[in-house]
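All residue numbers refer to positions in the sequence shown, counting from 1. Computed from heavy atoms alone, side chains included, the values below leave out hydrogens, waters and symmetry copies.
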Amino acid sequence: MSVTVLSVESAWIPGVLADLRARHGKVRYYLSAGRPLWLKEDGPADLTTALLRCHDEREARLRAEVRAVREWLAEGGERAVVVELVGAPTHDDVRFLQECRMRLMRGEAQSVTVLRHIPGAVPAEGDEILAMLRLAGGSVPENEFRAWQAVHGWDDSLVHAVTSTRDGLRTCATPVARPLPITPELAAEVVTTSSAPLSTAALLTDPVLALKAFTAGAAAEAAGQGRVLSRYAGNLYRRALRSDDIPHGTAASAYLAALVADRRRVSGALAGLILDQAAKWDVEPARQAMLAYSLGQLLAKDPDPAERSSAARCFARARELDVPATQVAASFNGAALALYRDRDFDGAVTSMRTALKLLEGHDTVADQQVQLLTNLAKLRRGTPEAMGLYRQAWGIADDVANATYVASDLVRVLLDAGEETEAEAVATRLLDLFDRAADTNQASEKVVSAVCFRLADRRLTAGATTEAARWYLAAVSRMRRGAPDVVDAVLRNLGEQPEALLRERAAHAVVAEDLLALRGLLAGAA
């Protein structure tokens, strides 16, 4: 297993890629020319839903692609993930590479290779071609590019000088830093023939075309990138005011949703204005409820008590509209968070119990129930009821995501109560859920490690070094991020050098070095 970063003159990249394919046999290839590696296209989406959920959707799509890589690697044999970077790497590129690296099977003949272009000269006559490629997100299918060429009459020699082809995709022959002739006319031509980023669709003057360009994937791509979402939706709304081709409520709802999606914090005053505008603009009740809930979530997490007080009004407004019982329960749970942070513990308990009552009889709400029961147990800490609530939550937990939510607290209170056998049984089941899960993330990995370390420390304190080593090994063998210093601390605690932990230490050192190399891509791009 290895990570290799190669900086190669642009003209040699196709040959190096062909050599890698011949050498490794099975290669999973990605071209990064400006868009996230993990982005998968889809059709038109409901604007409000896609915008309000764009951050979660972004994370879900990244994890889905990493999971696909992991499953591909698990098929065995010599395999390589190859990523070609045209231009400076982005945070998306590096994060994807790091996540893939952490899922390489240790000891197998597998690798990650990053091919970086050393820029070369390209003729200025090709700037129109390069502008259209940039508007398309860095690459387009070959047949679409040939259609562009036929319309614009680009000479084959010019095309060859400024572009290159990979697996049926046309991209830039070399990174280009100079300004390019970006115009609304070129943007419209790109959008009508291929999928384009929202930053491209925002240049369009035709509101109908701008609306058609919108997808859930495009929203996920733009999430967190400045004010791309609100600029796009704002332009769409202003154009809708001048045209009867887009329903006013649709454009208005998207604009308000984008204002929410682009923010990590919002004031109570602004939240009230957004909800009042939603009602004034005749936004559909279900979408108004989504806006109210999303605003309540932001306000409930605000560090300012004055702002948190506005969360309750948003959640109450969401409950007043026609929404399913599970969404009403989620609003009560969100309100409980705001009440808890304001130290109104009785109010938080009442809100959580109301939410749990609403969920009775629903078969597909394990995540909500586990979260509510665990949070309620935290509020009832020190009472006889708390242990029962933790155990009830653990009994409902049916996958690694909701199991990790309750496991750490449950193991802690069980150990405090002297119930070591039950605590180890909880940890054993948690490890089984983690190992069988198709998709795990950093949060679940941290919980699993914390639970195992807690049990290991308890065994070490009791003088049971062999049992402590077993739990330490269970923790470090499931830490995928490369932490040799953590294993060093474990070995110092044990005072001996178990062979299995030494092997893990060597594996963690390799992963740590590879992750540093990948992180260095960004430093090199600065």
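In this structure, CG in L73 is found 7.5 Å from SG in C100, a value given to the nearest 0.5 Å. In this structure, L501 CG and L473 CG are separated by 5.0 Å, a value rounded to the nearest 0.5 Å. For the atom pair R380 CZ and M352 CE, the distance stands at 12.0 Å (nearest 0.5 Å). Note that the OG1 atom of T428 and the CG atom of L430 stand 9.5 Å from one another [nearest 0.5 Å]. Here the straight-line distance linking atom CG of L410 with atom OG1 of T374 works out to 8.5 Å at 0.5 Å rounding. Rounding to the nearest 0.5 Å places CG of L51 at 10.0 Å from CG of L259.
Environment of NZ in K378: crowded, with over 12 heavy atoms of neighbouring residues, nucleotides or ligands closer than 6.0 Å. Other residues, nucleotides and ligands contribute only 12 or fewer heavy atoms inside 6.0 Å of the OH atom of Y340. In the displayed structure, D346 atom CG is contacted under 6.0 Å by at most 12 heavy atoms of other residues, nucleotides or ligands. Taking a 6.0 Å sphere around CD of E499, one finds it holds 12 or fewer heavy atoms contributed by other residues, nucleotides or ligands.
Residue I274 comes nearest to L256 through the heavy atom pair O-CD1, 3.8 Å, listed as atom of the first residue, atom of the second, then distance. When all heavy atoms are compared, the tightest approach of L433 to V400 is O-CB, 4.0 Å. Contact detail for A469 and P498: the closest heavy-atom pair is CB-CG, 4.4 Å. Here the shortest heavy-atom pairing between A223 and C54 reads CB-SG, 3.7 Å. Across all non-hydrogen atoms, the minimal contact from S351 to L339 is CB-CD1, 4.3 Å. The two atoms that bring P89 and L521 nearest to each other are CG-O, 3.5 Å, heavy atoms only.
Between R481 and E99, at least one side-chain nitrogen of the basic residue sits less than 4.0 Å from a carboxylate oxygen of the acidic one, meeting the salt-bridge criterion. Note on D435 versus R478: salt bridge recorded, some NZ/NE/NH1/NH2 to OD/OE distance being below 4.0 Å. Salt-bridge check for E57 with R61: passed, with a basic side-chain N closer than 4.0 Å to an acidic carboxylate O. Ion pairing of R28 with E75 is absent here, as no side-chain N (NZ or NE/NH1/NH2) approaches a carboxylate O to less than 4.0 Å. Taking a cutoff of 4.0 Å between a charged side-chain nitrogen and a carboxylate oxygen, E221 and R35 qualify as a salt bridge. Using a cut-off of 4.0 Å between Lys/Arg side-chain N and Asp/Glu carboxylate O, D302 and R341 are scored as not salt-bridged. Comment: D276 does not engage K280 in a salt bridge, judged by the lack of any side-chain N to carboxylate O separation of less than 4.0 angstrom. Salt-bridge check for E424 with R458: failed, with every basic side-chain N at 4.0 Å or more from each acidic carboxylate O. Salt-bridge formation is not detected for the pair E307/R265: no Lys NZ or Arg NE/NH1/NH2 atom is positioned less than 4.0 Å from an Asp or Glu carboxylate oxygen. Between R317 and E320, no side-chain nitrogen of the basic residue sits less than 4.0 Å from a carboxylate oxygen of the acidic one, so the salt-bridge criterion is not met. Using a cut-off of 4.0 Å between Lys/Arg side-chain N and Asp/Glu carboxylate O, D409 and R412 are scored as salt-bridged.
A donor-acceptor contact under 3.5 angstrom links the side chains of S310 and R313, judged on distance only. A side-chain N or O of T48 and one of S253 form a donor-acceptor pair less than 3.5 Å apart. When only modelled atom types and interatomic distance are considered, E467 and Y472 share no side-chain donor-acceptor pair under 3.5 Å. A donor-acceptor contact under 3.5 angstrom links the side chains of Q371 and N333, judged on distance only.
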Report task. Check the pair L494, V490 against side chain to side chain contact (heavy atoms under 4.5 Å, CB included), reporting the backbone distance first and the verdict last. Result -> CA-CA 6 Å; L494 290 172; V490 167; 4.1 Å; yes

**Report entry** Criterion side chain to side chain contact (heavy atoms under 4.5 Å, CB included) on R353 and L376, from CA distance to verdict
**Finding:** CA-CA 8 Å; R353 293 194 191 283; L376 186 56; 3.7 Å; yes

Requested in this report: Would you sort out whether N375 and Y405 count as a side chain to side chain contact (heavy atoms under 4.5 Å, CB included), showing the intermediate values?
Outcome: CA-CA 10 Å; N375 291 344; Y405 194 84; 2.8 Å; yes

Query - Test log, rule salt bridge (Lys or Arg N to Asp or Glu O under 4.0 Å), inputs D92 and R58 - result: CA-CA 10 Å; D92 283 331; R58 182 182 180 86; 2.6 Å; yes

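M479 places none of its side-chain heavy atoms less than 4.5 Å from the side chain of E504.
Here the side chain of D262 pairs a donor or acceptor atom with the backbone of S230 at under 3.5 angstrom. Between the H55 side chain and the A261 main chain, a donor and an acceptor come within less than 3.5 Å of each other. Although no hydrogens or angles enter the test, the distance criterion places a donor-acceptor pair under 3.5 Å between the side chain of Q288 and the main chain of V283.
A cation-pi arrangement is present between R429 and W394, with the terminal nitrogen or guanidinium carbon under 6.0 Å from the aromatic centre and inside a 45° cone about the axis. Both cation-pi conditions hold for R79 and W72: the charged atom is under 6.0 angstrom from the six-membered ring centre and inside a 45 degree cone around its axis.
F315 has its ring centre less than 6.0 Å from the ring centre of Y293.
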